[in-house]
Amino acid sequence: MSDQRMSELDLSPVTAPAVTPEAMRSFVDGVSDPNPVHTDPEFAATAGLPDVVVQASHTTALALDALIARFGADAILNLDVRLRGPIFPGDEVTVSPVSFGELDRGVELRNQRGDVVATGIVVMRGDPDE
Amino acid sequence: MNLETLGQVLVETEVVVEPDSVALLVDALGTPHAEEVALRLPFFGPTVGGGDSVVGLIDLSLERGLAGGQSFEWHRSFRPGERVSVVVSVEDIIDKGTLHLATVLSEYRDADGELIQRQRTVFVERKPADEQTQDAAADDGSAAGESAS
């Protein structure tokens with residue numbers, strides 16, 4: 001991707017709708033993940049968590065949704081997400097492109113309190129390492 | 001966690017991209033691009049074989065373990081209703097201080113054998129307290145000091 005095209009990219013943050021308990025349940029049902037840490041607060045407590053937490057692919061989906069909104073689905077080839085902290089029911093996650101250079105394209109996901117909950121590395125069509 | 005599962009194929013099966021499941025993911029996201037997202041990740045490799053097909057075989061404790069990361073290599077999106085083959089294997093599984101780390105790889109191919117997607121999920125499991133104590137004793141009391149947060 002040329003410098004000119006890079007300068008044309010919209011790199012503004014994208015805030016996803018708040019993650020509701022219903023949305024969390026729909027997601028785990030959609031991917032058939034029976035882990036109760038995503039649906040049962042009592043089980044989450046046994047794992048040392050204050051509440052149920054968003055499923056891993058759900059977090060990835062929040063990042064991917066923001067990337068597709070900005071760049072289109074065909075542009076996104078690879079996404080490597082590191083989960084840095086839990087996302088809880090009611091959290092609003094904002095996805096921001098960071099270090100979005102020619103060789104290093106990163107995204108950062110923060111909750112409404114400003115905590116980093118995940119980071120990601122993106123490979124886009126036309127990148128040198130595509 | 002069972003470190004002996006390194007390199008093992010845990011699941012080899014066929015699955016269908018169920019429109020009802022895709023619809024659940026779309027509902028969960030509730031955004032204009034939700035369907036495009038859902039067709040990039042309609043399956044979770046560690047559960048695509050059903051229930052505890054992976055968690056049970058690698059002996060991952062759900063009380064002490066969490067997903068630490070996930071990566072996707074997309075060759076194309078899935079198509080609603082299509083039948084795909086999937087192979088799930090343990091790409092890496094290691095003992096690291098107070099933790100066990102496992103990377104579960106799932107590869108999805110269409111009826112022609114063409115790769116649709118590679119998906120990796122990294123699980124992080126805290127060792128049981130008694131195992132950590134044994135490790136600390138073996139290290140002359142110098143604990144590794146990592147956290148599974």
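All values derive from a computational prediction rather than experimental measurement. So you know, we letter chains A, B, ... as the sequences are listed, proteins then strands, and number each from 1. Only this structure's heavy atoms are used, side chains among them; waters, hydrogens and symmetry mates stay out.
- Annotation for B:Q8: atom CD counts as buried by contact number, over 12 foreign heavy atoms lying within 6.0 Å.
- When each of A:A23, A:G48, A:S26, A:A16 is checked for heavy-atom pairs under 4.5 Å with chain B, A:S26 comes out on top.
- Taking hydrophobic clusters as Ile, Leu, Val, Met, Phe, Trp and Tyr residues chained together by side-chain heavy-atom distances below 4.5 Å, B:V17 does not share a cluster with B:L24.
- Ranked by heavy-atom pairs shorter than 4.5 Å toward chain A, the options B:G68, B:S77, B:A67, B:A23 are led by B:G68.
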Derivation of the side chain to side chain contact (heavy atoms under 4.5 Å, CB included) call for A:T60 and B:F72: CA-CA 9 Å; A:T60 299; B:F72 288 82; 3.5 Å; yes
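- Looking at B:L29 and A:L62, their side chains come closer than 4.5 Å, going by heavy atoms from C-beta outward.
- Cluster annotation: B:V55 is connected to B:L3 through the hydrophobic network of ILVMFWY side chains, with a link wherever side-chain heavy atoms come within less than 4.5 Å.
- With B:R40 contributing its side chain and A:I76 its backbone, the two residues share a donor-acceptor pair below 3.5 Å.
- Under the side-chain contact (heavy atoms from CB on, under 4.5 Å) rule, B:E36 has a single partner from A:I68, A:L64, A:D65, A:D74, which is A:I68.
- Ranked by non-hydrogen atom pairs under 4.5 Å with chain B, the options A:L79, A:T119, A:V28 are led by A:L79.
- Contact check for A:P36 versus B:L62: side-chain heavy atoms found under the 4.5 Å cut-off.
- When the candidates A:T20, A:N35, A:T46, A:V37 are compared by the number of heavy-atom contacts under 4.5 Å with chain B, A:N35 comes out ahead.
- A chain of hydrophobic side-chain contacts below 4.5 Å, direct or via other Ile, Leu, Val, Met, Phe, Trp or Tyr residues, connects A:F88 to A:V93.
- Contact between A:S57 and B:Q70 at its shortest, heavy atoms only, is OG-NE2, 2.8 Å.
- No other option in A:S32, A:A44, A:A61, A:P34 has as many heavy-atom pairs under 4.5 Å with chain B as A:A61.
- Neither the backbone nor the side chain of A:E22 comes within contact range of chain B; no heavy atom of the residue lies under 4.5 Å from a heavy atom of that chain.
- Of the possible donor and acceptor atoms, one in the side chain of B:T47 sits under 3.5 Å from a partner among the backbone N and O of A:V31.
- The number of heavy atoms from other shown groups lying within 6.0 Å of CD (B:E35) does not exceed 12.
- Proximity of A:P17 to B:T31: side-chain heavy atoms (C-beta onward) are separated by under 4.5 Å at one or more points.
- B:L105 and B:L57 fall into different hydrophobic clusters, defined by Ile, Leu, Val, Met, Phe, Trp and Tyr side-chain heavy atoms under 4.5 Å apart, directly or through other members.
- There is no path of hydrophobic side-chain contacts, each under 4.5 Å, that joins A:L83 to B:V122.
- Between A:F27 and B:L25 there is a side-chain heavy-atom pair separated by less than 4.5 Å.
- To the nearest 0.5 Å, the span separating CG on A:D29 from CG on B:D27 amounts to 11.0 Å.
- With rounding to the nearest 0.5 angstrom, the CG atom of A:N78 is 10.0 Å from the CZ atom of B:R118.
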